[in-house]
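A short worksheet on the structure shown next.
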Amino acid sequence: MIPAAFEYRRAGSVEDAVAILAEAGDDAKLLAGGHSLLPLMKLRLARPSVLVDIGRIDGLRAIEERGGRLAIGALARHHDLATSALLRDRCPLLAHAAGLVGDPQVRHRGTLGGSVVHADPASDLCAVLRCLDAELVVRGPGGERRLPVADAFRGFLETALDPGEVLVEVLVPMPAAGHGWSYQKFTRRALDWAIVGVAAVVEPADGGIGRAAVGLVSMGPTPLRAAAVEDALRGAPRSAVPAAAELAADGTEPSADIHAEQDFRRHLSRVLTRRALEQALSRC
């Protein structure tokens, strides 16, 4: 289908983008890679009056270590994350998950920032960022602010960013030395959205588990953390993993669609959580 008519504006800087958004009002939308927005526009589920292209703004694709955290520009593409030597060394979970997004065409165009602001509960990277306790840096008419990713997802395809704000950077705490990690997902085809996915980070302690973080894909209207699993594993022996994994679906609201019923998604969450935890522990 053909999108509804719109005005195209190209922003030369973040400040320029913020100014255009303020001028255009709530009907303006930002364009980066376009893999989330353009399909919605073609279906006319999104009808922005102004499209603000930020894809050529300099300085928003950097991936660097800063102050003990990984600072990733919002325009860093999935391929950039997947091939980053820094991420592979310091945060391999994020690099690995980025390499599983879609197909090569998607990974070379889609951006981390685009994935975050689209806020799809089926997003691999949104769940991984929840697992890693990431923080968003956004800039708007009132200046710059930081938003924990745990507070960023408010509902299905809805974030806490104001209409006039631009996501400029994602800050990711580096996992502790000696941690283990895993990302497991179940799909019909390799390039499909995950029917269910699980991201896990485990920090060992005294032969057992000191702390575990588990992010869930497609188990509710937003990317989730499996809080019951994490509580059950805090300070527990490694043998506690199977029982803890059975709690993966607690407090979740998976949807039912043509791909899977709710009970099947709940079952998958338990199976994939156990696999992810066991693999993460094997890497400790």
Side-chain angles (χ1 to χ4, degrees), residues 61-104 106-108 110-116 122-136 148-150 169-187 190-191 193-194 196-205 208-217 223-226 229-230 233 238 241 245 248 269 272-284:
R61 287 187 61 180
I63 301 174
E64 59 188 15
E65 182 180 346
R66 188 191 311 143
R69 292 192 289 185
L70 297 164
I72 306 170
L75 294 182
R77 296 187 174 96
H78 306 318
H79 176 76
D80 300 331
L81 274 62
T83 57
S84 167
L86 178 61
L87 290 188
R88 287 181 171 182
D89 180 51
R90 301 299 180 89
C91 191
L93 169 60
L94 183 53
H96 175 75
L100 299 178
V101 175
D103 57 23
V106 171
R107 291 193 292 273
H108 278 81
T111 64
L112 176 62
S115 291
V116 171
S123 165
D124 302 303
L125 296 181
C126 288
V128 168
L129 294 178
R130 281 284 278 119
C131 179
L132 294 170
D133 292 317
E135 188 175 39
L136 309 182
V149 76
E169 195 171 53
V170 178
L171 302 176
V172 181
M174 284 187 289
H179 78 282
W181 60 275
S182 179
Y183 183 65
Q184 303 284 327
K185 70 174 179 177
F186 183 86
T187 61
L191 56 79
W193 296 98
V196 172
V198 176
V201 172
V202 175
E203 298 174 5
I209 299 171
R211 172 184 173 273
V214 180
L216 300 175
V217 178
L224 300 173
R225 286 278 287 268
V229 176
E230 296 173 358
L233 291 177
R238 296 187 176 214
V241 164
S269 72
L272 296 181
T273 295
R274 178 171 178 171
R275 291 179 183 175
L277 290 168
E278 288 176 344
Q279 184 176 62
L281 282 169
S282 73
R283 288 172 165 153
C284 291

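Between V149 and L132, every side-chain heavy-atom pair lies at or beyond the 4.5 Å cut-off. Proximity of L75 to D80: side-chain heavy atoms (C-beta onward) are nowhere separated by under 4.5 Å. Within the 4.5 Å cutoff, the side chain of V217 has no heavy atoms near those of the P223 side chain.
Checking L272, V198, V128, V201 one by one against Y183, the side-chain contact (heavy atoms from CB on, under 4.5 Å) holds for a single residue, V128.
Side-chain N or O atoms of S84 include none that pairs as donor or acceptor with a backbone N or O of L81 at under 3.5 Å. Of the possible polar contacts, one joining the E230 side chain to the V214 backbone as a donor-acceptor pair under 3.5 Å is found. A donor-acceptor contact shorter than 3.5 Å is absent between the side chain of R61 and the backbone of G73. The backbone N or O of A176 lies less than 3.5 Å from a partner atom in the side chain of H179, making a donor-acceptor pair.
Using a 30° and 60° split on the angle between ring planes, H108 and H79 fall in the parallel class, below 30°.
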Assess whether side chain to side chain contact (heavy atoms under 4.5 Å, CB included) is satisfied between S182 and R283, documenting all intermediate values. CA-CA 9 Å; S182 179; R283 288 172 165 153; 4.3 Å; yes
*asked:* R69 vs V172, test: side chain to side chain contact (heavy atoms under 4.5 Å, CB included). Steps then yes/no.
replied: CA-CA 6 Å; R69 292 192 289 185; V172 181; over 6 Å; no
Please step through side chain to side chain contact (heavy atoms under 4.5 Å, CB included) for the pair L87 and I72, ending with a clear verdict. CA-CA 10 Å; L87 290 188; I72 306 170; 4.2 Å; yes
Stepwise side chain to side chain contact (heavy atoms under 4.5 Å, CB included) check, R77 with R107 = CA-CA 6 Å; R77 296 187 174 96; R107 291 193 292 273; over 6 Å; no
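Salt-bridge formation is detected for the pair E278/R274: a Lys NZ or Arg NE/NH1/NH2 atom is positioned less than 4.0 Å from an Asp or Glu carboxylate oxygen. Taking 4.0 Å as the cut-off between side-chain N and carboxylate O, D133 and R211 count as a salt-bridged pair.
To the nearest 0.5 Å, atom CH2 of residue W181 and atom CD of residue E203 are 15.5 Å apart.
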